[in-house]
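Reading through the structure tokens given below for one structure.
All chains are named by letter (A, B, ...) in the order of the sequence lines, taking the proteins before the strands, and each is independently numbered beginning at 1.
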Number of protein chains: 2
Amino acid sequence: METKKTTTKEINKMCKHNIRAIHDTLDVIGGKWKISIISCLSFYPMRYSELLREVEGISGKMLSRELKELEMNQLIVREVLNTHPITVQYQLTEYGETLKPLTLSIADWGVNHRKQIIG
Amino acid sequence: METKKTTTKEINKMCKHNIRAIHDTLDVIGGKWKISIISCLSFYPMRYSELLREVEGISGKMLSRELKELEMNQLIVREVLNTHPITVQYQLTEYGETLKPLTLSIADWGVNHRKQIIG
DNA sequence: CAGTATCCGGTTTGATACTG
DNA sequence: CAGTATCAAACCGGATACTG
């Protein structure tokens, strides 16, 4: 009988474990725009100005700030191209690609949710 | 040749579509604590005071506010139990359960990320 | 083009004290 | 127990102007 008690204490532990993990994830992609940026870059690399156009509503300040943070967390790479004038390209790292399924799930749920509340 | 051009314009469209969807999702579960709360409740229904203990760091004010918003979006149900003194239980709705896979993915990524940055 | 600097209002959040 | 009320601090984020 001893072994059958997956009780409060156990679940409590799993609960806190999950919360800590969720917190860790949100530290990295929790900003207002980060997931959107990652979602964009998962199509193909983009320049600063392209992102500015694609991510509707974002300001230049926010974009560069979020990009910097994503870069710090090794999710994207910044690459200065040798053009005139200089252009800068951002792309997902291999590690950043591991977020693709997540951004897709989030987008999927959103699509369904919209159907739900409209219908 | 016409049909082969899945070009900028097309991708642009998908990009914005996804961003809108992501935005829709975040409107609902985008708060600082919402995903954690949902993650907790996905183990079993909990009372207000239990959640206050489980979701480390949250204040009473925030908890009740986030719960109210989750309830408004029909992700959880509030049920007043006939005890002395009164206790209140929160649990996921069927619709709220559809977020379970998402919260799990988010937690999983966080676990892995912690390994990554420590290792 | 790709940002940075500054200013500034609005929102979010926490602490604390209180209520039924 | 399950909240609400109030105040103050912190942070977020937009507009604008500027740099290399």
**OP:** List the protein contact pattern of nucleotides 15-20 of chain C with one symbol per nucleotide (5' to 3'): B for base contact, S for sugar-phosphate-only contact, - for none; contact means a heavy-atom distance under 4.0 Å.
**Re:** B-----

Subject >> Any A:Y90 side-chain heavy atom under 4.5 Å of A:L41 side chain >> reply: yes

Subject >> Salt bridge B:K13-B:E10, side-chain N to carboxylate O under 4.0 Å >> reply: no

Subject >> Non-neighbouring partners of B:E56 that pass salt bridge (charged side-chain N to carboxylate O under 4.0 Å, His left out), sequence neighbours left out >> reply: A:K16

Original post:
So, the side chain of B:T93 versus the backbone of B:Q74: is there a donor-acceptor pair under 3.5 Å, distance only?
Top reply: yes

**OP:** Quickly work out the A:M46 CE to C:dG3 P distance and round it to whole Å.
**Re:** 15 Å

Original post:
Tell me: CG of B:L51 to C1' of D:dA2, nearest whole Å?
Top reply: 12 Å

Subject >> Integer-rounded Å distance: C:dG3 P and A:L52 CG >> reply: 10 Å

**OP:** Look at atom CD1 of B:I86 and say whether more than 12 heavy atoms of other residues, nucleotides or ligands are closer to it than 6.0 Å.
**Re:** no

Original post:
Does A:S49 put a side-chain nitrogen or oxygen below 4.0 Å from OP1 or OP2 of C:dA2?
Top reply: yes

Original post:
Is B:E71 salt-bridged to B:R78, cutoff N-O under 4.0 Å?
Top reply: no

Subject >> B:N112 and B:Q116, any side-chain heavy atoms less than 4.5 Å apart >> reply: yes

**OP:** Would you check if the side chain of B:Q89 reaches a backbone N or O of B:R47 as a donor-acceptor pair within less than 3.5 Å?
**Re:** no

Original post:
Closer than 4.0 Å, any side-chain N/O of A:R47 to the OP1 or OP2 of C:dA2?
Top reply: yes

Subject >> Nearest-nucleotide pick for B:Y48, side chain only, options being D:dA2, C:dT13, C:dG3 >> reply: D:dA2

Original post:
Checking B:T98 side chain against B:E94 main chain: does a donor-acceptor pair fall under 3.5 Å?
Top reply: no

**OP:** Look only at the side chain of B:T83 and the backbone of B:P85, and say whether a donor-acceptor pair between them is shorter than 3.5 Å.
**Re:** yes

Original post:
Does anything in residues 23-42 of chain B reach DNA chain C, meaning a heavy atom under 4.0 Å, and if so which residues?
Top reply: B:K32, B:W33

**OP:** Please report, rounded to the nearest Å, how far the P atom of D:dC11 is from the CE atom of B:M62.
**Re:** 15 Å

Original post:
If pairs are Watson-Crick or G-U with both distances under 3.5 Å, what is the dot-bracket string of DNA chain C, marking crossing pairs with [ ] and pairs to another strand with |?
Top reply: ||||||||||||||||||||

Subject >> Upstream residue (5' side of DNA chain D) when B:G60 and B:R53 are each assigned their closest nucleotide >> reply: B:R53

Original post:
For A:Y95, which residues count as a side chain to side chain donor-acceptor pair (under 3.5 Å) partner, sequence neighbours excluded?
Top reply: B:H113

Original post:
Okay, side chain of A:S39, backbone of B:I19: is any donor-acceptor separation there less than 3.5 Å?
Top reply: no

**OP:** Would you jot down, in residue-number order, the residues of residues 66-93 of chain A having a non-hydrogen atom under 4.0 Å from DNA chain C?
**Re:** A:K68, A:R78, A:P85, A:I86, A:T87, A:V88, A:Y90

Original post:
Transitively linked via ILVMFWY side-chain contacts under 4.5 Å: B:V111 with A:I22?
Top reply: no

